Amino acid sequence: MIENSNENLQDINEILQVRRKKLSELVSNGENPYAVTKYEVDASAKQIIENYDNFEGKAVSLAGRIMSKRGMGKASFCDLSDRDGKIQLYIRKDEVGEDSYEKIKKIDIGDIAGVTGEVFTTNKGEISVKVNAFTLLSKSLQPLPEKFHGLKDQDLRYRQRYVDLIVNPEVKNTFITRSKIVSSMRHFFDSQGYLEVETPVLNNIPGGAAARPFVTHHNTLDMNMYLRIATELHLKRLIVGGMEKVYEIGRIFRNEGMSPRHNPEFTTVEVYGAYTDYNDMMTLTENLVCHVAKEVLETLEITYQGEEINLTPPWNRMTMVDAVKNYTGIDFSAIQTDEQARNAAKDANIAIENTDTWGTILNKLFEEKVEQHLVSPTFIIDYPVEVSPLAKKMQSNPRLTERFELFITRREIANAFSELNDPIDQRERFEEQVRQRAAGNEEANMMDDDFVLALEYGMPPTGGMGMGIDRLVMLLTDSPSIRDVLLFPTMKPKKIGEQS
RNA sequence: GCGCCAUUAGCUCAGAUGGUAGAGCAACUGACUCUUAAUCAGUAAGUCCGGGGUUCGAGUCCCCGAUGGCGUACCA
C-alpha cells in the first residue's frame, strides 16, 4: 500500500501530494503511523472539561483527531477532537524537545494523534493540556473541509457521512440522541415485561402493510423472496404462540418514492400485547413517547422547525368522522350510501374514483383536509374498515375499526389497532386485498394462508402498535429531513453508465 | 413521475449587461513561547458538474444529460 503512494502523484492535486510525501518520509524514518496498533487513553475531552477540578494539574493521556493548528513559533496550539468533545492542546518546544517539535509542526489537520500531558487553564481561560509527549497514530491524506463553515454540501454530507461527522459536531449529537432514543425505548418496553424478538427480514409473502416490496432471490432454493415491509404478521404469530407481550425494533423496506420523509429502508418498532385493545395502546403510546422525551431530552416541550409542540398528556383524541366534520363540515355519520359519499367528496373538490366507497372517501377527506392541521399530538381514532385490513371491526359500527393513528407536526408517527383475530373475517379481507391486487393495486396485500391458519388456532384479543422511529427521531432532534437522522441514507450512485 | 432551484480551487462562497476566473479558510515558505475563525509577509492551487449548440469569443445564452435540495404526486 505504502509503496503505491507515489504511483500517480502527477494525477492528484498538490494538497494530496504534500500529504503523501509527508507519509513516505515518516515511513522511511521507520515511523509509519499506520503500524501503530494501540494507544492507552485514560481520559476524554468532555470528562476533563466537565470535571476540571479533579483533573487540574493531573497527567492525562488522550487521543483524537487534530482539528486545527495555531503555530506561534516555539509554541503551538491545536484542537483535539475525541469521541464526545474537543480540547485544546498546548505544545511547547522546551516541553517536548526540539526533534519532537519539528515533527509536530509537520502534522496536518485531520491527523489522529495521542498525547500525554498536564491539564491546566490558559491565561485566556481555556482548559487545555500541556503536552509532554505527542504520538502520531494515523495520517490523514485528505484535507478536511473548512473549520468555520464545516461541510455544507448536502450531497457530500450524505455520501461521505464520516466527513460530516468529523466536522459538523451537531450531526454527531443527532445520532447520539437517536441511539439514546432507541435505548430508552428498549428500557421502556423491557421494564413493562415486553420481550424483544427478531423475525425474518426475508419473507416469502410480504405483509402487514400496503407497500410495494423489494424482491430478491435465494440461489439454493431458487426462488424469489421479499424484504419485509412490516413486522406485524410474524409478531402476531408469536401472540398466537403464547408470547403474550412482544416487540421488535427493526429495519423494514418499501420500494416506493423517496422524499424528505421517506427512505426506502427505515426503522419501526412494533409492539403487541395480548388481552389489550387499542385504548390500551393509546395509553402505551403516550407513555412511551413521554418516557423517551423525558429521559433523552429532559422536557416535554419541544420545538420542531420553529413550531412549539407540547407532549404533555393527555393528547387530543378525535374520531375520524368528527375530525372530517370539524374541518370540512361534512358529517359522515349522516351519510349512508357510497353514492352520497361520492357526492360529498365532489362538493369538497376531492378527486375520487368509481371504486371509492364510504370508507375510502372518508379517509381521503381526512388525508386531504384534516392531516395538515394536526400539529399537536392527536390520536385520530376509528378508521374505516376498507383501509384497515388487519384491524378489528367496532361492535357499534361495522364500517369502522378499532384503530388509531397518532399525528404530530402533521405527520403520522404511529398506527395501532385492536388486532383482527377472526380468521374467517381475516381471510375475507385478504381476499378483498387479492382482488384489488388483481385489479392493479401493487400495494395491496397478498394472501397469507399461514397467517390465517395461525389465527385459526386462536389468537387472544390483542392490541398492537407500530411507530416510525425515524420520524420520532426527526421530531425529537428537530431534523427537517429523514436523511438527517439516517447515518447512511439511500443515495443514487454518482457516476453511472461509465462501465458496462 | 412532474416542476423550480443549485453545481466555480480540498472546503465556504463572489463572479450586472457574453470578453478568457477571484476572495477567505486549508496547503506550502518564512517570522512569532498563552493562541483560539491567531496574526504578519510571500507562494502555489481550477475538466467553472458532463456533452452538444449559438457566437469572433461562453462560468455567463440555448438544448440534452448527471447528481442533489425543495415542492408536488405516490406512500392505509
Side-chain angles (χ1 to χ4, degrees), chain A residues 12-19 21-22 67-79 86-96 101 106 108-110 120-128 130 140-160 163 167-168 208-212 229-230 254-264 266 320 351 359-360 362-364 366-367 371 380 383-391 401 403 405 411-412 415 417 433 436 441-445 466 468 480-481 483 489 491-498:
Chain A
I12 58 178
N13 89 39
E14 187 199 342
I15 295 174
L16 301 182
Q17 289 191 36
V18 167
R19 294 203 176 197
K21 235 168 112 184
K22 285 180 180 175
M67 296 303 291
S68 65
K69 282 172 30 179
R70 292 177 293 282
M72 311 198 43
K74 298 188 182 66
S76 297
F77 292 89
C78 296
D79 289 326
K86 196 187 238 187
I87 193 165
Q88 179 171 265
L89 307 179
Y90 178 45
I91 304 160
R92 294 169 62 107
K93 192 172 185 174
D94 57 12
E95 193 82 27
V96 296
Y101 195 75
K106 290 204 172 129
D108 288 301
I109 290 172
F120 78 112
T121 303
T122 63
N123 294 340
K124 296 277 169 65
E126 177 152 357
I127 295 170
S128 306
K130 189 185 286 176
S140 170
L141 299 177
Q142 294 285 341
L144 284 178
E146 201 213 340
K147 61 187 169 189
F148 188 61
H149 296 94
L151 183 65
K152 289 246 176 88
D153 187 310
Q154 294 283 57
D155 189 24
L156 286 179
R157 289 185 52 206
Y158 296 142
R159 285 179 199 278
Q160 294 185 274
V163 179
V167 298
N168 295 327
R212 280 192 296 171
I229 57 173
R254 295 186 183 176
N255 205 341
E256 290 169 348
M258 292 163 67
S259 83
R261 289 162 297 282
H262 300 83
N263 196 67
F266 60 105
M320 186 180 276
T360 61
L362 172 61
N363 188 56
K364 280 187 177 174
F366 170 75
E367 287 180 350
E371 271 188 21
I380 296 297
Y383 276 59
V385 66
E386 294 95 321
V387 296
S388 313
L390 300 161
T401 59
R403 173 181 176 194
E405 287 191 345
R411 288 178 194 161
E412 178 198 339
N415 178 23
F417 24 92
Q433 292 286 310
Q436 287 187 23
N441 180 358
E442 285 184 273
E443 282 149 14
N445 277 262
S481 168
R483 290 181 154 186
M491 300 290 280
K492 229 172 167 175
K494 199 97 201 230
K495 288 176 188 167
I496 54 170
E498 288 209 342

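Predicted model only: the values in this text are computed from it and were never measured. Chain A is the first sequence line, chain B the second, and so forth, proteins listed ahead of strands; every chain is numbered from 1.
- Between the side chain of Ser76(A) and the backbone N or O of Ile91(A), no donor-acceptor pair lies under 3.5 Å.
- Look at Lys492(A) and you'll find a side-chain N or O under 4.0 angstrom from OP1 or OP2 of U67(B).
- Residues that satisfy the side-chain contact (heavy atoms from CB on, under 4.5 Å) test with Gln160(A), not counting sequence neighbours, are Leu156(A), Tyr162(A), Val163(A).
- Remark: Glu412(A) engages Glu405(A), Phe407(A), Asn415(A), Arg471(A) in a side-chain contact (heavy atoms from CB on, under 4.5 Å) (not counting sequence neighbours).
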Which atom pairs link the protein and nucleotides 47-51 of chain B when you take only N or O atoms and keep those under 3.5 Å?
none

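- A distance below 6.0 Å separates the ring centres of Tyr90(A) and Phe120(A).
- Rounded to whole Å, the separation between the P atoms of C25(B) and U17(B) comes to 28 Å.
- What separates CZ of Phe120(A) from P of U33(B) is a distance of 16 Å, to the nearest Å.
- Within a 6.0 Å radius of NZ in Lys86(A), other residues, nucleotides and ligands contribute 12 heavy atoms or fewer.
- Between Arg92(A) atom CZ and C34(B) atom C1' there is a gap of 9 Å when expressed in whole angstrom units.
- G57(B) and U20(B) have their P atoms separated by 15 Å, with the value rounded to a whole Å.
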| request: Report the secondary structure of RNA chain B in dot-bracket form, marking unpaired bases with a dot and bases paired to a different strand with |, and treating Watson-Crick or G-U pairs with both distances under 3.5 Å as paired. | output: (((((((..((((.....[..)))).(((((.......))))).....(((((..]....))))))))))))....

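- Taken to the nearest 0.5 Å, the SG atom of Cys78(A) stands 7.5 Å off from the CZ atom of Arg70(A).
- With hydrogens and angles ignored, no donor-acceptor pair under 3.5 angstrom links the side chain of Asp79(A) to the base of U36(B).
- Between the P atoms of A44(B) and C32(B), the separation comes to 24 Å (whole Å).
- Nucleic acid contact for Asp153(A): sugar-phosphate only, since backbone atoms but no base atoms lie under 4.0 Å from a heavy atom of the residue.
- Here CD of Gln154(A) is found 9.5 Å from CZ of Arg483(A). Values are rounded to the nearest 0.5 Å.
- Ile91(A) has its CD1 atom 14 Å from the C1' atom of U36(B), to the nearest Å.
- Taking the C1' atoms as reference points, U72(B) lies 30 Å from G51(B), given to the whole Å.
- Arg159(A) comes within contact range of the sugar-phosphate backbone alone, with a heavy-atom separation under 4.0 Å but no base atom that close.
- Here the separation of C2(B) from U8(B), taken at their P atoms, is 25 Å to the nearest Å.
- Between the side chain of Asp108(A) and the main chain of Leu141(A), no donor-acceptor pair closer than 3.5 Å is present.
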| field | Letter per nucleotide, 5' to 3', of nucleotides 69-76 of chain B [B base touched, S only sugar-phosphate touched, - untouched; heavy atoms, 4.0 Å] | value | SSS-B-BB

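- We find the CD-CG distance between Gln436(A) and Asn441(A) to be 5.5 Å, quoted to the nearest 0.5 Å.
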| query | Which parts of nucleotides 23-32 of chain B does protein reach within less than 4.0 Å, heavy atoms only, written one letter per nucleotide 5' to 3' as B for base, S for sugar-phosphate only and - for none? | reply | -BBBSS---B

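- In plain terms, the two heavy atoms of Asn445(A) and Pro389(A) that are nearest each other are ND2-CG, 4.3 Å.
- Of the inter-residue distances, the one linking Leu89(A) atom CG with Met67(A) atom CE reads 12.5 Å to the nearest 0.5 angstrom.
- Comparing U39(B) with A45(B), their P atoms sit 24 Å apart, to the nearest whole Å.
- Side-chain N or O atoms of Arg403(A) include one that pairs as donor or acceptor with a backbone N or O of Val387(A) at under 3.5 Å.
- Between G59(B) and G18(B), the distance separating the two C1' atoms is 10 Å to the nearest Å.
- Nearest approach of Ile87(A) to Ser128(A), heavy atoms of both residues: CG1-CA, 4.4 Å.
- C11(B) atom C1' lies 10 Å from atom NZ of Lys152(A), rounded to whole Å.
- One finds the NZ atom of Lys130(A) at 11.0 Å from the OG1 atom of Thr122(A) (value rounded to the nearest 0.5 Å).
- Base orientation of A31(B): anti, the glycosidic angle falling outside 90° of 0.
- Here, U67(B) and A76(B) have their P atoms 26 Å apart, quoted to the whole Å.
- Residue Glu256(A) holds its CD atom at 10.5 Å from CD of Glu442(A), rounded to the nearest 0.5 Å.
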